[in-house]
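Before any comments, here is the structure.
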Amino acid sequence: MGKKKRTKPGPLAGPTRFTGKQLLDGVPGPGGVRIGFAALGEAGTVTALLKAAVDDLETGHLEALGVGQCGTWLVDALDGADLGERLVRAAAAGEFQRAAGELSLPLVARDGEGRVVGALLGVPSGTVVSGLARSPGSRQAVLLSMLTYAKIKAVAVSEDARRRGIGAAVLARCVQVYWQLDYTLLFGEFDTERDLGP
C-alpha cells in the first residue's frame, strides 16, 4: 500500500467536523470575521442583507429565525440528534412549515465588533418538495427529500465588506454543514444582474 498524500488545508479550512457549539460560537473566516449560526436578535439584519440578493425570499424561514425555530434541528444534528425522527414527528403532527424552518440553515459572518456583514440562507428545496408532492404515494419521498436536498436560497455580503472572501467563506461553511449531515445535493441559483459584486 502506498502512502496517502496529505494536502495542505486551503484558506477556508476549518474544523474537520463541526459541533453544534462551534456553529453557534462561529469559526474563523477571512479578515477577522467569524462565521456561524445566526442568532435570534439578528433576524432583521439577516433579512435586510438577503433581500438585497433575492426578491422571492420566503418570509417563513426568517420569521422562524426571529422566534428561535430556524435551523435548530440542524445544529442539534451536528451533535448526533436524529433529523429523521424529528421530521417524522413533525409530519405526523401536520407541521411541515415548522419542519422546513427547522431544516433551514441561517449563517452569518460577523466582523470583529460582532456586526453582521454577511448572510446565507439554506432551505429545503421547495421545488423538489412540491414536485414530489404531486406524485402518488409521495409522503415518504417528500420527507426524504427534506433530509437530502437543500437549496442555497440567498447569500449576500454588505457593501463595505465585499471583496474580502467573506461570501466564499460563508458558502464553504454551508457546504461543510450539509455535507456533514449527509445531504446529497446542495444547489442554488442566483440573479447575476444584481449589484452584489462578483
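These numbers come from a predicted model, not from an experiment. Numbers here simply count residues along the sequence, with the first being 1.
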task = Output yes when a side-chain donor or acceptor of Glu42 lies under 3.5 Å from a complementary backbone atom of Ala39, and no otherwise.
result =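 Yes.
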
message = Strictly distance-based, threshold 3.5 Å: is any side-chain N or O of Gln180 a donor or acceptor partner for the main-chain N or O of Val177?
response =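 No; judged by distance alone, with no hydrogens or angles, the pair does not exist.
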
query = Pairs in or reaching into residues 67-86: which pass ring pair (Phe, Tyr, Trp, His ring centres under 6.0 Å), with residues at least two apart or in two chains?
reply =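 Pairs touching residues 67-86 that pass the test: none.
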
request  = Can you run down the ring pair (Phe, Tyr, Trp, His ring centres under 6.0 Å) pairs that involve residues 154-173, sequence neighbours left out, and say none if there aren't any?
outcome  =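 Every candidate ring pair (Phe, Tyr, Trp, His ring centres under 6.0 Å) pair involving residues 154-173 fails, so no pair, neighbours aside, qualifies.
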
key: side chain to side chain contact (heavy atoms under 4.5 Å, CB included) between Ile35 and Val108, worked out   = CA-CA 6 Å; Ile35 298 166; Val108 295; over 6 Å; no

Measuring from [X]:[atom1] to [Y]:[atom2], what's the distance to the nearest 0.5 Å?
X: Arg17; Y: Leu78; atom1: CZ; atom2: CG; value: 8.5 Å
X: Cys174; Y: Tyr183; atom1: SG; atom2: OH; value: 10.5 Å
X: Leu23; Y: Lys21; atom1: CG; atom2: NZ; value: 11.5 Å
X: Leu65; Y: Leu121; atom1: CG; atom2: CG; value: 8.5 Å
X: Leu87; Y: Glu102; atom1: CG; atom2: CD; value: 11.0 Å
X: Thr45; Y: Arg110; atom1: OG1; atom2: CZ; value: 10.5 Å

Which heavy atom of [X] sits nearest to which heavy atom of [Y], and what is that distance?
X: Gly71; Y: Pro106; answer: CA-CD, 4.3 Å
X: Leu50; Y: Ala156; answer: CD2-N, 4.3 Å
X: Val170; Y: Ala109; answer: CG2-CB, 3.9 Å
X: Ala161; Y: Ile166; answer: O-CD1, 3.5 Å
X: Gly66; Y: Leu40; answer: O-CD2, 3.5 Å
X: Ala100; Y: Ser104; answer: O-OG, 2.7 Å

Could you tell me if the side chain of [Y] sits less than 4.5 Å from the side chain of [X], heavy atoms only?
X: Ile152; Y: Leu171; result: yes
X: Phe37; Y: Asp25; result: no
X: Pro124; Y: Tyr149; result: no
X: Leu103; Y: Leu147; result: yes
X: Val33; Y: Arg164; result: yes
X: Arg173; Y: Leu107; result: yes
X: Tyr178; Y: Leu105; result: yes
X: Asp182; Y: Thr148; result: no

task = Determine, step by step, whether Leu74 and Leu83 satisfy the side chain to side chain contact (heavy atoms under 4.5 Å, CB included) criterion, reporting the C-alpha distance in whole Å, the side-chain angles of both residues, the deciding distance to 0.1 Å, and the verdict.
result = CA-CA 8 Å; Leu74 297 178; Leu83 283 176; 4.1 Å; yes

request  = Write out all pairs satisfying salt bridge (charged side-chain N to carboxylate O under 4.0 Å, His left out) with one or both partners inside residues 60-80, taking only residues at least two apart or from two chains.
outcome  =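 Passing the test, one end in residues 60-80: Asp76-Arg86.
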
key: From CA spacing to verdict: side chain to side chain contact (heavy atoms under 4.5 Å, CB included), Leu181, Trp179   = CA-CA 5 Å; Leu181 296 176; Trp179 169 83; over 6 Å; no

query = Less than 4.0 Å between a side-chain N and a carboxylate O, is that true for Glu95 and Arg89?
reply =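 No salt bridge links Arg89 with Glu95.
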
ask   = Mind checking what makes salt bridge (Lys or Arg N to Asp or Glu O under 4.0 Å) contact with Glu113, not counting sequence neighbours?
value =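 Once residues adjacent in sequence are excluded, Glu113 has no partner under the salt bridge (Lys or Arg N to Asp or Glu O under 4.0 Å) criterion.
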
ask   = salt bridge (Lys or Arg N to Asp or Glu O under 4.0 Å) with Arg34: which residues, sequence neighbours excluded?
value =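 Expected list: none.
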
inquiry  = Tell me every residue that passes side chain to side chain donor-acceptor pair (under 3.5 Å) with Asp160, counting only those two or more places apart in sequence or in another chain.
reply    =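 Residues passing side chain to side chain donor-acceptor pair (under 3.5 Å) with Asp160: Arg115, Ser158.
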
